[in-house]
Amino acid sequence: MKESFDIFLAVAQAEIKESIRARWFFLYSFIFGGAVVLLFALGITESQVLGFTGLSKLLVTYLQLCIAILPIFVLITTVRAVVGDRESNVLEYFLSMPISLGAYFWGKLAAKFLIVFLPVLVTLLGAAGWGMIRSFEIPWRLVGYYILLLGTLAWCFLGIGMFISSWVRKQEWALGLAFLTWLVLLIFIDIIMIGVMLQNQFEEKLIIGISLLNPLQAFRTGAILLFDPELSSIGPASYVILDSLGSQGFLAFSIFYPLALGWIFSWGGYIVFKRGDLV
Amino acid sequence: MRELGKKTLKNEAIIQLQQVGKKFSRHAVLDKVDLTIVQGDRIALIGQNGAGKTTLIRTLLGQYHHEGQVVVAGAHPRKNRVEVLQHIGFVPQHSPPIQMSVHELLQFSAKLNQYSNVSKISQVAEDLGLDVGEHGKKPFLKLSGGMKQKLLIALALAKEPSILIMDEPAANLDPEGRKAFFLRLSQIQEQTTMILSSHRVDELLPLINRIIELDCGKIVLDEASGEHSLAGKMLSCRVKPANATEGIHKLLNEWKFEQSSDGTFYEGQIIDADRLRFLNAISHFANHISELNIT
């Protein structure tokens, strides 16, 4: 057991080093870190929209940015993890070493999670720290909840990415499928497709079902719910969801659903990886 | 000899394949292969492209699902992969584009392989002519083809594997590297079962004692090639050019030959396993050589 854990750590360590070496990591960190710097620089904390000011306003805006770009960044960087190694024969070589398949898969996944989540975490904590220096009132509950939300969202899309990566045999297919997944999920959030469905009087259960199934919708609604309990700033679909689950219930759902979805896809990916030809 | 579990397997089957089949899109790449390999077998696995050599190797490494039964070192290579792969040293035909630095790769491999460590790998690499200290910080990817091959061979040999599987292992090595490589193989041939895949069996003849040829996924030839215990023997060689050409000088320099003080002849040593390759290389200058002695 200890040996397996050591191998898991060795794989994770190697993956982290490789990701740090790669340019995308710096681009990724720059975009997510730079977004907050830019929001501060633009004076977003001074503006007042829908009654939100200070750090809350910045966090709300930052989360709106994250909903669009975090999933696609996570997917793009993850979907090549297995299929890319397979195509380049790196997998053939590494898996000729005494590495258990579990240690290899989960080691890679854990490392990728750290790599995608760490810049976001540092950014949020950095924003809170900067807010303290600027003597803003720090909404710690909001900051904590947003960290959880972003963590579970990253985990969810990491699981989806690893599943796709284990399942398909060509990198182009993996990238195409990842992009398609992101696009479909993005379309089915309240401001786009669900709004249209409501306007066209689709059945309520269908709309609720689609909304609940979409981790992006759960993230978006959960993110706004904390400072806008009435959801006045969001489209009509979220009212329907809120009526079904309640405020606290939905907050819990928006954390646990993406988390569960991430686990389901990760396990699915692992099973596909383990049961198929490795190379 | 390293023991496989509690049992030493000298002259016992270390690899056994029974009715092993593998299909890709309904096309049989391995077709009901039966094969027994015993400890001490040194096999040249030959066959044309698409004959099934790589598929067979990957099956032995537990990387493919297959029909039939495969037992390697007493266990199934897929179900007991960690246990089985501790006994196997593998060198792929094409060096994978690994991003890790040389030093990181050494540490990674040493962590995973029970019998390996960084200093042992460095020593084997140095024997092959690769200074790991000098190239430690370079990404593996940025090394030359020959350096990559030397490092992969060093990683495999430092494990002191019971089974050595190599796919065209000497293809990218320079003459010095090849000499060290063949010498090393000859030193471990008693305690190591070798499967050496190659297009050119003549190069492997001094090392091997069995030839297996695959064609369309079937074994079409499986015979003993006779014991050639001369694989590690060094041969003295003297070349006297009829006229000095830049080509001969360059070639013999590559093979680390030394020119006599009066400049009339060259002397050097080649390893027996490399004799054919040397003769083939020097035959291009046959018209310019007046004397050639190999003893």
Side-chain angles (χ1 to χ4, degrees), chain A residues 1-25 77 80-108 111 115 166 169-171 271-279, chain B residues 22-25 29 54-55 57-66 77-101 103-105 107-116 139-141 148 151-152 155-156 159 161 163-167:
Chain A
M1 191 65 190
K2 186 187 173 296
E3 270 181 20
S4 289
F5 188 68
D6 287 346
I7 295 173
F8 164 85
L9 284 182
V11 172
Q13 202 179 12
E15 184 68 26
I16 289 170
K17 282 182 183 170
E18 198 147 322
S19 298
I20 288 173
R21 228 185 332 258
R23 286 181 198 145
W24 74 260
F25 174 73
T77 53
R80 281 180 289 195
V82 177
V83 71
D85 281 1
R86 188 181 278 143
E87 275 192 356
S88 64
N89 288 333
V90 168
L91 201 62
E92 180 200 36
Y93 184 64
F94 280 158
L95 293 186
S96 74
M97 295 184 186
I99 303 175
S100 74
L101 298 182
Y104 179 81
F105 186 89
W106 296 109
K108 256 184 176 301
I115 288 292
S166 303
R169 310 299 283 191
K170 297 253 178 230
Q171 280 193 72
I271 288 165
V272 169
F273 174 65
K274 201 177 166 184
R275 291 197 179 158
D277 288 336
L278 299 178
V279 291
Chain B
K22 177 68 190 168
K23 286 179 184 171
F24 292 115
S25 312
V29 182
T54 302
T55 306
I57 287 173
R58 288 176 173 178
T59 305
L60 294 177
L61 293 170
Q63 297 180 342
Y64 281 147
H65 282 290
H66 54 81
R78 184 67 183 247
K79 290 175 191 154
N80 308 87
R81 51 175 286 113
V82 177
E83 182 195 335
V84 169
L85 293 173
Q86 285 290 357
H87 299 289
I88 298 180
F90 171 64
V91 179
Q93 182 181 0
H94 302 292
S95 304
I98 297 168
Q99 308 270 357
M100 286 181 200
S101 72
H103 190 63
E104 284 167 3
L105 183 59
Q107 284 182 320
F108 184 68
S109 177
K111 253 184 217 171
L112 299 174
N113 295 296
Q114 216 173 324
Y115 302 95
S116 182
F140 175 82
L141 187 66
K148 284 181 200 165
L151 191 59
L152 294 178
L155 291 167
K159 285 175 75 173
I163 303 165
L164 196 53
I165 300 175
M166 297 180 157
D167 206 348

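Below, chains carry the letters A, B, ... as their sequence lines are ordered, and counting in each starts from 1.
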Please tell me if the side chains of P98(A) and K159(B) come closer than 4.5 Å, counting only heavy atoms from C-beta onward.
yes
Donor-acceptor check, side chain of R58(B) to backbone of E92(A), threshold 3.5 angstrom: yes or no?
no
Validation row: L61(B), L95(A) side chains within 4.5 angstrom (heavy atoms):
no
Between CD of Q86(B) and CE of M97(A), what distance do you get to the nearest 0.5 Å?
11.5 Å
Heavy-atom proximity to chain A below 4.5 Å, by part of F140(B)
neither
Heavy-atom pair count under 4.5 Å with chain B, highest-scoring of L101(A), N89(A), V11(A), L91(A)
L101(A)
Student check: side-chain heavy atoms of Q13(A) and Q107(B) closer than 4.5 Å:
no
Please check if the side chain of D277(A) supplies one atom and the backbone of H65(B) the other of a donor-acceptor pair under 3.5 Å.
yes
With a 4.5 Å cut-off on side-chain heavy atoms, are F108(B) and I99(A) touching?
yes
Enter the distance from L112(B):CG to Y104(A):OH here, rounded to the nearest 0.5 Å.
12.0 Å
Which heavy atom in S96(A) sits nearest to a heavy atom in Q63(B), and how many Å separate them?
N-NE2, 3.7 Å
What pair of heavy atoms forms the shortest contact from V90(A) to P97(B), and how long is it?
CG2-CD, 3.7 Å
Nearest heavy atoms of R81(B) and S100(A), plus distance in Å:
NE-CA, 4.2 Å
For the student: nearest non-hydrogen atoms of Y93(A) and F90(B), plus distance:
CE1-O, 3.8 Å
From the list V91(B), V84(B), L152(B), the residue making the most non-hydrogen contacts under 4.5 Å with chain A is L152(B)
Side chain from CB out, backbone as N, CA, C, O: work out which of these in I165(B) comes under 4.5 Å of a heavy atom of chain A, or both, or neither.
neither
Kindly indicate whether the side chain of K17(A), heavy atoms from C-beta on, has any atom under 4.5 Å from the side chain of Q99(B).
no
Heavy-atom pair with the smallest gap, counting every atom of R275(A) and R78(B)
C-NH2, 4.3 Å
Decide if atom NZ of K274(A) counts as having more than 12 heavy atoms of other residues, nucleotides or ligands within a radius under 6.0 Å.
no
